[in-house]
Amino acid sequence: MEHCRKLTLEGSALPFDLDITLRCGQVFRFEKIGRWWCGVLENEVIRIRQEGRDLHFAGTTEDQIIRYFDLDLDLEGILRGFPDDPLLASAVRHAYGLRIVRQPAWECAASYIVATFANIPGIRTRIRLLCERFGEEIRAGEFAFPKPGTLASSPLCDIRSCRVGYRDRFLCGTAGMVSNEPGWDERIAALEYRDARRELMRFPGVGRKVADCILLFAFHRFEAVPVDVWIDRIMRTHYLEEGGRYSYDQIADEARAIFGPYAGYAQEYLFAARNQIKK
DNA sequence: CTCCAGGCAGCCA
DNA sequence: TGGCTGCATGGA
């Protein structure tokens, strides 16, 4: 591996916690080996570790690190702007320094399509298998994320062999649509949140929740609030009227009303602290 | 073994 | 529009 660089975090880059950021379940391909996190960024194998304010990394540029981890974002200001709420405050304390990573749009979409109705360890296994089978080998034993064209032209049975189950045709179908429209992500990025979500939901396997995940994790639309079973539970138990009937959009709207324009970030901190939040 | 998971599409009223 | 149901799979 090429030589290691160092980036000292300061200003907007604080707070930042690499472990929490890569462990919280927003990304599925990073793996911690010893003290190093190893993963693939833009077809480059990278490794990175944090020691206090120092970020040591290899395999990519400082600009890419800053962009991927969104270190120019004033996270402290966002956290300070949250409403005075004890549950959210405890979640922020628990996951302090978590940053929403800027995922490539296609990788994010494909990942969350195969993430539906599954648990995180299983998702990681599936995505690893997809990369090993369909991704370009960029180094011995290291694979890029599969290109949409590759998946679109692969037999469903081959895709299913990566244990994606019934999601095989969703993944293949979305891969086909994406590969037929270069620049689809820029088109989405130019739209208002509601329009962007509606457009994303035209992809097979992309419903409200997956669309919100793509908008939050790839496009950094921080008003997007993915409501999975955990967030649904937390919102109903702690923020909504007991026994009330709430649709997905009503819960997300409530979250935006309570947490403000960075509700997506609040959601992510609550998700990261889900096992510490009592039912 | 049972339960459950970063839900979705396809129905039906 | 809103509620119900089947769905493949593996990790805990």
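Sequence lines set the chain letters: A, B, ... in the order given, protein chains first and strands last, and positions in each chain run from 1.
Rounded to a whole Å, the CD1 atom of A:Ile251 is 14 Å from the C1' atom of C:dG2.
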- Walk me through it: do A:Phe259 and A:Phe82 pass the test ring-ring contact (aromatic ring centres under 6.0 Å, His included)? CA-CA 6 Å; A:Phe259 302 127; A:Phe82 282 159; 7.0 Å; no
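Partners of A:Asp70 by salt bridge (Lys or Arg N to Asp or Glu O under 4.0 Å), not counting sequence neighbours, listed by chain and number: A:Arg102. In this structure A:Glu76 satisfies the salt bridge (Lys or Arg N to Asp or Glu O under 4.0 Å) test together with A:Arg80, sequence neighbours excluded. Shown here are the salt bridge (Lys or Arg N to Asp or Glu O under 4.0 Å) partners of A:Arg198, two or more places apart in sequence or in another chain: A:Asp195. Considering only residues two or more places apart in sequence or on other chains, A:Asp232 meets the salt bridge (Lys or Arg N to Asp or Glu O under 4.0 Å) condition with A:Arg236.
No side-chain donor-acceptor contact under 3.5 Å links A:Asp74 and A:Ser12. With 3.5 Å as the limit, one finds a donor-acceptor pair spanning the side chains of A:Tyr193 and A:Asp212.
The outermost nucleotides of DNA chain B lying under 4.0 Å from heavy atoms of chain A, listed 5' to 3', are B:dA5 to B:dA9.
Looking at heavy-atom distances under 4.0 Å, A:Gly207 makes contact with sugar-phosphate atoms alone, never a base. Heavy atoms of A:Phe170 sit under 4.0 angstrom from primed sugar atoms or phosphate atoms, though from no base atom. Among the heavy atoms of the strands lying under 4.0 Å from A:Ile120 are primed sugar atoms or P, OP1, OP2 only; no base atom is included. A:Gln267 comes within 4.0 angstrom of a nucleotide base, judged by non-hydrogen atoms across all strands. In this structure, A:Val227 reaches neither bases nor backbone, as no heavy-atom distance under 4.0 Å exists between it and the strands shown.
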Atom pairs, protein N/O to nucleotides 8-12 of chain C N/O, distance under 3.5 Å:
| residue | atom | partner | partner atom | Å |
| --- | --- | --- | --- | --- |
| C:dA8 | N1 | A:Phe117 | O | 3.4 |
| C:dG10 | OP1 | A:Arg163 | NE | 3.2 |
| C:dG10 | N2 | A:Asn119 | ND2 | 3.0 |
| C:dG11 | OP1 | A:Thr125 | OG1 | 3.4 |

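Geometric assessment of A:Arg187 against the ring of A:Trp184 yields a negative cation-pi assignment under the 6.0 Å and 45° thresholds.
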